Amino acid sequence: GAQAVEHDDDLFEQELRKANAEMINENFANALRAFNTLTHTYAHIPAAHLQRARALELVAERQRSNRLLLDAVESYKRYLAFGELIANHTEYRAAGESCIQQLRFLGHMQQAVSVHEQLIERFPAEAHLRNQLSLTHLMSNNLAQLQQVAGATLKLWPRNPVANLHFGLALKQLRGDYAQALPYLQLAIDSQAPGTQEPYFYLALGETLQRLGKQSQALQLYKRGAEQRFFASVYQRSLYNVPRLRAKSFWQPAETGHALELEQLQQNWRRIRNEALALLSSQGNFQQEAEQLRDTGNWQQYELYARGERLLGNCQRAPITCGLLEKFTAASSCRRGQIKFSAMQAQTHVWPHCGPTNCRLRAHLTLVAPEPHLTNLRVAEQQRTWREGDLFIFDDSFEHEVWHNGSQLRLVLIVDFWHPDLSAAQRRSLAPI
Ligand code: LMR
Ligand code: MN
């Protein structure tokens, strides 16, 4: 009867207070035991599951335990499953959002999607919740879903900034349709609304403008990005940066601290060239550039080192080059770079782009050069061309663009090496890129 239930509730409240007291005293093991008992004994009370979820979440974060976090997620889900029985909208929504946040962190995107859908069904008038769903799709690079969800949100709220952003990103990434993407991305970034002001989104709009030939608008946007400290400067737009490293487009060998190693490579340029040409002469050794940076033409590469690791098979087929590189440890150990042969055929244009990090410098040792007046590398506002046996160094975190309007092959050895301002400890601790 009613009295028994009331009694039950009193006991529940008592047990809950005890469990929370253990949390406050940081007796986490006791607390979690108490919450387990609570959810077993009072499985029919939503608050038991919610409180257990919150406690587990806290302990999981303190102990950096994904196992406990997964347990927290399970508790959230059991709470959310009560659905309409939970009258407190705010608490329900907040629990759903926490659950989604943890599922995203754990990489369980599909599970996150079903929690999103539960929230959207309960609060169909909240655009924010749909934008959260499309963000999950964006984070997991589910571009078709991204387009579908953001498109549906736009039908209901055509001027919603985040929905515009997400829809524009989908058009750009999924279909490469820059012209169609532009108005959506522009509206979103210009709105300055929360959820739209991130470096990555500025880069997406900037790239869109550049590919549509709107160079001065792109530079204006990058200027705004630099003012907000999204980018180191208008032209230097890498996102994985160490602050205060010297930054300029081109470097002299002597400035890098590696003049000797670079000189060694350069002196052997003919032997390196012969090795690269032999590899290039048989099909399948070189791979097509895969980052969609190419506008027109043909551009292939043959990797020797990536992220500070020697590519064993490829190096076995280029023993002279790899033997020389072995002595250049700032290059061979550079976990934020690559070493590769880069073969570019005539009539190739590479769109303006920036490398991902300011932690490396990039040397080009020219092995085969076409007509110098018809080829050109632009880095920020400076230009260079390739000459056989020549070596130059640039910082590829700065915007760069390549034109090859000549008639012959252009073949270079690209050697990334650690930025000289990075300490040994930094080189050891930086995550690979
Ligand atoms: C680049 O980094 O995009 C260029 O240096 C590549 C190339 O082969 O010219
Ligand atoms: Mn590049």
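Just follow the structure's listing: the first ligand is 1, and inside any ligand the first atom is 1. We're numbering straight along the sequence, starting at 1. Side-chain atoms are counted along with the backbone in the values below, which use heavy atoms only and exclude waters and symmetry mates. Bear in mind that the values here come from a model prediction, so they are computed numbers and not experimental data.
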Legend entry - For E291, side chain to side chain donor-acceptor pair (under 3.5 Å) partners two or more places apart: none
Legend entry - R335/D416 salt bridge by N-O under 4.0 Å criterion: no
Inset, instruction - Please confirm whether H128 and F123 have ring centers closer than 6.0 angstrom. - result: no
Legend entry - Backbone of L304 reached by a side-chain donor or acceptor of N314 within 3.5 Å: no
Legend entry - Cationic N near anionic O, under 4.0 Å, E207 to K172: yes
Legend entry - Polar protein atoms near the Mn ion (ligand 2) [N, O or S; cut-off under 2.8 Å]: H353 NE2, H400 NE2
Legend entry - Salt-bridge present (R224, E227; N to O < 4.0 Å): no
Inset, instruction - State whether a side-chain donor-acceptor pair under 3.5 Å links H137 with Q148. - result: no
Mind listing the N or O contacts between ligand 1 and protein, cut-off under 3.5 Å?
residue	atom	partner	partner atom	Å
ligand 1	2 (O)	R362	NH1	2.6
ligand 1	2 (O)	H400	NE2	3.2
ligand 1	3 (O)	H353	NE2	3.0
ligand 1	3 (O)	H400	NE2	3.2
ligand 1	5 (O)	H364	NE2	2.8
ligand 1	8 (O)	W299	NE1	3.2
ligand 1	8 (O)	S342	OG	2.4
ligand 1	8 (O)	R410	NH2	2.8
ligand 1	9 (O)	R410	NH1	2.8

Inset, instruction - Examine F328 together with F417 and report whether their ring centres are nearer than 6.0 Å. - result: yes
Legend entry - Selection residues 146-192 - residue pairs positive for ring pair (Phe, Tyr, Trp, His ring centres under 6.0 Å), sequence neighbours left out: F167-Y184
